[in-house]
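Just so we're on the same page: letters track the sequence lines, and every chain starts at 1.
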Number of protein chains: 2
Amino acid sequence: MPNKLIKSRTAMNATCAACPSRHLCLPSKFMDKSQIATLDRIIQKMMIVHKNDHLYYSHETTKTIYAVYKGSCKEYWIDGNGNECVTNFYFPGDLVGLESVSDNKHMLSVVGLEYSELCVIPLDDLCKLMQESEAILKRFINITGYKMRNDRSVKMGVTAEERICDFLLNIIYRMLERNISLDNIPLFMSQLDISNYLGISHETVNRMFKNLQRLQVLKIENKKMTVIDLAALEKLGRLDYSLDKDQKKQSFIAS
Amino acid sequence: MPNKLIKSRTAMNATCAACPSRHLCLPSKFMDKSQIATLDRIIQKMMIVHKNDHLYYSHETTKTIYAVYKGSCKEYWIDGNGNECVTNFYFPGDLVGLESVSDNKHMLSVVGLEYSELCVIPLDDLCKLMQESEAILKRFINITGYKMRNDRSVKMGVTAEERICDFLLNIIYRMLERNISLDNIPLFMSQLDISNYLGISHETVNRMFKNLQRLQVLKIENKKMTVIDLAALEKLGRLDYSLDKDQKKQSFIAS
DNA sequence: CGGGCGTTTGAACGTGCTCAAGAGGAGTGG
DNA sequence: CCACTCCTCTTGAGCACGTTCAAACGCCCG
């Protein structure tokens, strides 16, 4: 049975101030404690989804967005031929549901890849808050801009190898932002999910993974990835994250 | 020589109130004349670019975004191998530069595909305005959400035919939003631009165009496209714009 | 008028898809 | 606790789509 569940954040002892991913989410380094407390005031509920439970389905109406507090989710839609098109993966600190705000109706579905907790952010309350606090408004704008960059960057590659490498680099850098070690990065999505995300057959995804292991670039074992040669991976991909990744990341995280 | 030029909007007799694309831009149907006037107060300048002139280059610092008032632009970056990766095409009413706000630095370059006029929107002033006016704040959030949807939807296809069709459908629906007839839609980008946008060789783009003409789906002549059989094109693409396109569009435009 | 860019077409090659089949693992129900 | 099913991962073989390379043409612009 579906296990979608709403709890109060206070009951779960979850606050923005104590959130390990706050540096990627609505709080920013420039906010003082009272500003962050205003976020806690409007974000009162937490949505719990277990693995394979849906956070929401396409076509549902909505006036909220979500922030991943713990876990990870897959965003997708079903095309006219019944194929699942994966549009995004979300990790702690990511805002979920931004695409739906323009007409208060989801056009994508979101499902948990593992046990996950998501902060429920009422859009109207957030708007009011952004009008009161310049810091929160600017932060929100920065987050949406950063998301546009990030979303765009992944599927630029032409060959399957480029696309796989860019995808993995994207995951890796998002893990770095979250201070997660590059040893044994957990990949909660299946290879089929990745293939539906990249528009590549799942057999090719598998073969590319094998190939990258044969090249001693990384190791994937038991759905956990260990990066061996990041520079080699960057060379195989199409994006130059290496250019000024630290600056880029820091400037956003600090903003 | 580059012909980037800044003029005053009043000198060009350009106002938000009289803009033909205002229904896609910051003004919304819910704003009264005084609210729209506040937009005109902060948007005082117009940037003029001729064909092949750059609006801005990657790595330039910025504290402004732009709105296409007239014309069209191409957004791109150059990858490690020197290949041009086209990331977007912008038409009247579109906001340009949103990806850059998170660290005040462009990571993409934008160049005019034709003679174009773009309203210069200082970000700080816009933020202040959004704090004063809930309508403008909500409108901005809706636009960013709508852009995320739109950007995502285009490159989902797996086969070259699907990608070409989805691209053309995207152009077509954006033209419809702008009340432009489906006869002789001008395509200011080259087939090479389209190939760099879709990650497909330009020869394949050409062959697909020819094929769609052979199938009596559309006609392309002299960089102008006439749609003959929209339903057939939708069937060849991967996205179902037809599902509730009118509702979707109306709900955003009206928001 | 010449040069360069964009478009068009053909031919051969190669990447990645499709189809097929089996192994391993997780979850479910008896 | 085991048997069963379904899902995921894996590997192979053949094929098709799309790329690459090449060449020619038209067109715009200097």
Rounded to the Å, how far apart are [X] [atom1] and [N] [atom2]?
X: B:I194; N: C:dC5; atom1: CD1; atom2: P; result: 19 Å
X: A:I164; N: D:dC9; atom1: CD1; atom2: C1'; result: 14 Å
X: B:N52; N: D:dC28; atom1: CG; atom2: C1'; result: 12 Å
X: B:K51; N: D:dC29; atom1: NZ; atom2: C1'; result: 10 Å
X: B:E162; N: D:dC17; atom1: CD; atom2: C1'; result: 13 Å
X: A:E114; N: C:dA26; atom1: CD; atom2: P; result: 16 Å
X: A:L113; N: C:dA26; atom1: CG; atom2: P; result: 17 Å
X: A:E221; N: C:dG24; atom1: CD; atom2: C1'; result: 15 Å

List every contact pair, protein side and nucleotides 7-10 of chain C side both N or O, where the distance is under 3.5 Å.
| from | atom 1 | to | atom 2 | distance (Å) |
| --- | --- | --- | --- | --- |
| C:dT7 | OP1 | B:Q191 | N | 3.3 |
| C:dT7 | OP2 | B:Q191 | N | 2.8 |
| C:dT8 | OP1 | B:K210 | NZ | 3.3 |
| C:dT8 | OP2 | B:Q191 | NE2 | 2.9 |
| C:dT8 | OP2 | B:N206 | ND2 | 2.1 |
| C:dT8 | O5' | B:N206 | ND2 | 3.2 |
| C:dG10 | N7 | B:R207 | NH1 | 3.2 |

For this session: Look at atom NZ of A:K223 and say whether more than 12 heavy atoms of other residues, nucleotides or ligands are closer to it than 6.0 Å.
Result: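 More than 12 within 6.0 Å, yes.
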Problem set entry | Sidechain-backbone polar pair: A:D94 side chain, A:V68 backbone, donor-acceptor under 3.5 Å |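 Absent.
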For this session: Taking B:D193 for its side chain and B:S190 for its backbone only, find out whether a donor-acceptor pair lies under 3.5 Å.
Result: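 Answer holds: yes.
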Exercise. Does B:T204 have a side-chain nitrogen or oxygen under 4.0 Å from the phosphate oxygens OP1 or OP2 of D:dT19?
Worked result: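 Yes, because at least one side-chain N or O of B:T204 sits under 4.0 Å from OP1 or OP2 of D:dT19.
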For this session: Could you label the plane-to-plane angle of the A:H106 and A:Y56 rings as parallel, tilted or perpendicular, counting under 30° as parallel and over 60° as perpendicular?
Result: parallel
Exercise. Only one of A:K147, A:R149, A:R152 forms a side chain to side chain donor-acceptor pair (under 3.5 Å) with B:E99, so which one is it?
Worked result: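 Result: among A:K147, A:R149, A:R152, A:R152 is the only option passing the side chain to side chain donor-acceptor pair (under 3.5 Å) with B:E99.
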Exercise. Is there side-chain contact between B:S100 and B:L98, with heavy atoms separated by less than 4.5 Å?
Worked result: no
